[in-house]
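In what follows, residues are counted from 1 in the order of the sequence shown. Below, all heavy atoms of this structure are taken into account, side chains as well, without hydrogens, waters or symmetry copies. Counting starts at 1 for both ligands and their atoms, following the listed order.
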Amino acid sequence: MTDPAPAAVIAGVGAWVPPRVVTNDDLAARMDTSDEWIRTRTGIRSRHFAEPGTATSDLAVEAGRRALASADVHVDTVVVATITPDQQLPHTAPLVAERLGLGGAAAFDVSAACSGFVYGLAVCAGLIAAGTSRAVLFIGADTFSTTLNPDDRTSAVIFGDGAGAVVLRAGNAAEPGALGTFDLGSDGGQWELATIRGGGSRQRLAAAPFDPADEYFAMEGKAMFKQAALRMADSARIVAKHAGWRIEDVDRIVSHQANLRIVEQVAYELGVPAAHCLSNIDSVGNTVAASIPLAMADAVAKGDLRPGHRVLVLAFGGGLTWGGTAVRWPSLRLADPTLPNTRSANP
Ligand code: COA
């Protein structure tokens, strides 16, 4: 009998947010909104914005450094999920690998918007299963504040910047931390629900005439809300079934955090207590590809995510795209506390 393909096992976690905190009142001082509206409609109280000059790779390096210190595993591959790369070329991962002393490692980016972390996990698991990689540093990082339209109060209040990372190593499917089967899906027919239209090959930045609004992110919030809850609940049922778990056996759900009400709606649709859903959206907002690992790192630090927990990991984003996987949480130590920051990994 041939040996089964290696499974991808979570061996470390880390996170980083840029130091600048932007409160709801800060936003209300420059656009027509209020702390009360943002808190009650989204669950967000504050978020972190990168200063001009700080790029996605800067955040990714910090999160990656912490995940590597947490795992203490030699990594041969670096993957970054982002839709806000430092520039069009080169992509982000080779820069991150070089700065972390991992020059020579395989390095590339994954682009799947707010689903980037789950899509990227699936890609990394595939690399490990195929024997191409023995251990992967996988980082979700976005500086989405750079895409926000200051005239669009609906989207401008929900996003923040950040990075979160995991180290995945080759192991076996029965051990704690092994990623289960993935459910991945898309619906390109609804691509117009979340867009940044300008700057790609269809609508080139250098071409005239150019609507300045097309430089920015735009979203149909209500439709995205409904799709997010529906798709993540469906993925949850599928991956729980593959794992052999009943929904009531699930201890924790860590889902993409676009809005606290979506997190709660997914819990409601699944019949899971809302308290089982991990969330730190109140202090970081929607951090796109970073949102899931940021919530994981925070929950590990607070003791909300513990060894043995049966965890569903769920994402939804523009594209439309969605996905999920299941993991029995492993025993992890957090990054070396002598590393400066992070509120997320070392509160
Ligand atoms: N401050 C104050 N009022 C606001 C506001 C803000 N920041 N944003 C919108 N409003 C107003 C609207 O103008 C509208 O006013 P009206 O009733 O007088 O027309 C009212 O609040 C309701 O707006 P609506 O867009 O229906 O709000 P909502 O409850 O749907 O919340 C979102 C908006 C964006 C927070 C919510 O739809 C959402 O989170 N969507 C999902 C986003 C998502 O999943 N993204 C995935 C990643 S891309």
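- Using a 3.5 Å distance cut-off with no hydrogens or angles, the side chains of D142 and T84 do pair a donor with an acceptor.
- Counting protein heavy atoms only, atom 42 (C) of ligand 1 is closest to M219 SD, 3.6 Å.
- The proximity of T42 to ligand 1, defined as any non-hydrogen pair under 4.0 Å, is limited to the side chain.
- Shown here, atom 18 (O) of ligand 1 is out of close reach of the protein: none of its heavy atoms lies under 4.0 Å off.
- Counting protein heavy atoms under 4.0 angstrom from atom 10 (N) of ligand 1 gives one or more.
- Between L193 atom CG and M224 atom CE the span is 6.0 Å, to the nearest 0.5 Å.
- Atom 36 (C) of ligand 1 has its closest protein heavy atom at N259 ND2, 3.9 Å.
- E220 and K226 are not joined by a salt bridge, as no carboxylate oxygen comes within less than 4.0 angstrom of a charged side-chain nitrogen.
- Using a 4.0 angstrom heavy-atom cutoff, C114 counts as in contact with ligand 1.
- Counting non-hydrogen atoms of neighbouring residues, nucleotides and ligands closer than 6.0 angstrom, the CZ atom of R45 reaches no more than 12 such neighbours.
- Judged purely by distance below 3.5 Å, without hydrogens or angles, the side chains of H256 and N286 pair a donor atom with an acceptor atom.
- With ligand atoms numbered from 1 in the order given, ligand 1 contributes 7 (N) to contacts under 4.0 Å with heavy atoms of V157.
- The pair D76-R134 does not count as a salt bridge, with every side-chain nitrogen at least 4.0 angstrom from each carboxylate oxygen.
- Which of E36, E220, K222 comes nearest to atom 26 (O) of ligand 1 through a heavy atom is settled by distance: it is K222.
- In this structure, the protein non-hydrogen atom closest to atom 21 (O) of ligand 1 is W37 NE1, 3.3 Å.
- Atom 29 (O) of ligand 1 has its nearest heavy-atom neighbour, among R153, R41, M31, in R41.
- Nearest non-hydrogen protein atom to atom 1 (N) of ligand 1 is T33 OG1, 2.6 Å.
- Ranking the protein heavy atoms by distance from atom 46 (C) of ligand 1 puts M224 CE, 3.6 Å first.
- A distance of 4.5 Å separates CG in D249 from CZ in R246, rounded to the nearest 0.5 Å.
- Of the protein's non-hydrogen atoms, the one nearest atom 40 (N) of ligand 1 is G221 O, 2.9 Å.
- For I38, the closest heavy-atom approach to ligand 1 does not fall below 4.0 Å.
- Protein heavy atoms are absent from the space less than 4.0 angstrom from atom 14 (C) of ligand 1.
- Here SG of C124 is found 9.0 Å from CG of L179. Values are rounded to the nearest 0.5 Å.
- Of all the heavy atoms of T154, the ones lying under 4.0 Å from any atom of ligand 1 are found in both the backbone and the side chain.
- F144 and F217 have perpendicular rings, their planes meeting at more than 60° on a 0 to 90° scale where under 30° would count as parallel.
- In this structure, atom 43 (C) of ligand 1 lies nearest to the protein heavy atom A258 CB, 3.6 Å.
- Residue contacts with ligand 1: R261 is included, with a non-hydrogen atom under 4.0 Å away.
- Within the 4.0 Å heavy-atom criterion, the part of I262 lying near ligand 1 is the side chain and not the backbone.
- Counting only heavy atoms, the protein gets under 4.0 Å from atom 3 (N) of ligand 1.
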Inset, instruction - Please assess F182 against Y119 for the test ring-ring contact (aromatic ring centres under 6.0 Å, His included), listing each intermediate value before the final yes or no. - result: CA-CA 9 Å; F182 284 83; Y119 266 75; 9.2 Å; no

Legend entry - Step-by-step side chain to side chain contact (heavy atoms under 4.5 Å, CB included) determination, I158 to N259: CA-CA 7 Å; I158 67 176; N259 185 324; 5.7 Å; no

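- With values rounded to the nearest 0.5 angstrom, I83 atom CD1 is found 12.0 Å from D109 atom CG.
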